[in-house]
Number of protein chains: 2
Amino acid sequence: MGRWKPDARGRLLQAAIDLFGEQGYEETTVAQIAERAGLTKATLFRHFSDKREILFQGQGALVEAATAAVGGAPDDAAPFELVAAGVTALCAVHREDDRGLGRRLGAITASSAELQERAALKRSIVTDALFRALADRLDDVHLAGVLADAGIRAYYDGYAAWVADADGGATLRETAAAELRAYEALIRP
Amino acid sequence: MGRWKPDARGRLLQAAIDLFGEQGYEETTVAQIAERAGLTKATLFRHFSDKREILFQGQGALVEAATAAVGGAPDDAAPFELVAAGVTALCAVHREDDRGLGRRLGAITASSAELQERAALKRSIVTDALFRALADRLDDVHLAGVLADAGIRAYYDGYAAWVADADGGATLRETAAAELRAYEALIRP
DNA sequence: GTCTATACAATGATAGAC
DNA sequence: GTCTATCATTGTATAGAC
């Protein structure tokens, strides 16, 4: 311990977000990011499998949260209670006090086709995890599909609304739950 | 005219599919593809914006087909008839007699994370196009979202079933329509 | 067991000639 | 529209330093 400065990942993430904000994503090289973090390119690739992944690490946690929440719901939970549990767990992964990070990440992602592609992949992975967990409990793949899609829509649209909100407005849990209620009215389980 | 061999795009696509099948996607370089098509790497990139795009060109046609079908449906069409029109139009983009191409493409895509990422992006783009077209007609973003997601699920799952079918089985239109009916029973517009 | 150094292959962009 | 040529960047691989 103490042989290297601590929190290399955190420093890389911070350097990346700063540089992307200053110069744009495509204009920033991984060598620049590594340099600002006091590391080398090779070390950066030890922490992140590729350049896009610097901004999208959180996805593993989302899959696990949704899967565990749906799988661990009470035996007598109604179909829609299962999705609600999953969506609530997804929201709980984020820090309720940090809209700023979401705003910055959103702006950077919107600026690059490469990042939108990664974002689409992440969304599909989380959707599939929720779908599998629901199908496991419901034994009805079509119902599981409709519920998973609605839950993910509620989560993403709720996230967008939460990020766009002035600070101090509704919590992420609340904005996502409001979206989910609108979808609940349209589905008959 | 006649200064170059015709159908460069078609030759590139054929060469790519053949080589990917023989050697695998990641093991095949764009230089090899261009060479087999009798062209150079630089020319390949004039026809396709990147290596992944060689396999995923069809997407522009899907967006236009779905948008036009939903937008052009009768004024008194019920919400579910709008989705059905969109899904039918998506199916019509494919040749009903060529399951083999879909099978080959599916196998190649499954073999590479890079291609799965592009596939996820394409699905999200088509979903969004269908969503916008439906929202335009329905004036209800939540209903449009649920219907778009269900329609895209029916299309993709129907496509998978059609491709997996022995030749001579149900048409793509039929397998997708069967999926769509299952979703219709779960949604109240 | 994490970091550095270096060399390397492949993608994709660019400029100019035919 | 295609070719040649050159180039920067990503991402991998290897061997070694602390």
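Computation of the quantities below employed the complete heavy-atom set of this structure, encompassing side-chain atoms and omitting hydrogens, waters and symmetry-equivalent molecules. These numbers were taken from a predicted model, which means no experiment stands behind them.
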We want to know whether A:Thr40 and A:Thr43 form a side-chain donor-acceptor pair, criterion being a heavy-atom distance below 3.5 angstrom.
yes

Are any side-chain N or O atoms of A:Arg188 and backbone N or O atoms of B:Arg188, one a donor and one an acceptor, separated by less than 3.5 Å?
no

Just by modelled atom types, is the B:Gln14 backbone N or O under 3.5 Å from a matching donor or acceptor in the B:Arg36 side chain?
no

Report all side-chain donor-acceptor pairs from residues 101-111 of chain A shorter than 3.5 Å, counting only partners two or more places apart or in another chain.
unit_1   : atom_1 : unit_2   : atom_2 : d
A:Arg103 : NH1    : A:Val163 : O      : 3.4
A:Thr109 : OG1    : A:Leu105 : O      : 2.8
A:Ser111 : OG     : A:Ile108 : O      : 2.6

[X] [atom1] to [N] [atom2]: how many Å, rounded?
X       : N      : atom1 : atom2 : result
A:Glu53 : D:dT10 : CD    : P     : 16 Å
B:Glu35 : D:dT4  : CD    : P     : 12 Å
A:Gln32 : D:dA8  : CD    : P     : 14 Å
A:Phe48 : D:dT10 : CZ    : P     : 15 Å
A:Arg9  : C:dC3  : CZ    : P     : 11 Å

Is A:Arg173 atom CZ crowded by more than 12 heavy atoms from other residues, nucleotides or ligands, each under 6.0 Å away?
no

Under 4.0 Å protein heavy-atom contact, by nucleotide of nucleotides 4-18 of chain C - B base, S sugar-phosphate only:
BB----SBB------

Listing, residues 63-83 of chain B side-chain donor-acceptor contacts under 3.5 Å, not counting sequence neighbours, or none:
unit_1  : atom_1 : unit_2  : atom_2 : d
B:Thr67 : OG1    : B:Val63 : O      : 2.7
B:Glu81 : OE1    : B:Ala78 : N      : 2.8

Across all chains, not counting sequence neighbours, the salt bridge (charged side-chain N to carboxylate O under 4.0 Å, His left out) partners of B:Lys51 are none

Can you sort out the partners of A:Glu114 under salt bridge (charged side-chain N to carboxylate O under 4.0 Å, His left out), two or more places apart, ordered by chain and number?
A:Arg52

Can you check whether B:His47 has a side-chain N or O nearer than 4.0 Å to OP1 or OP2 of D:dG1?
no

In residues 14-26 of chain A, what residues come within less than 4.0 Å of DNA chain D, judged by heavy atoms?
none

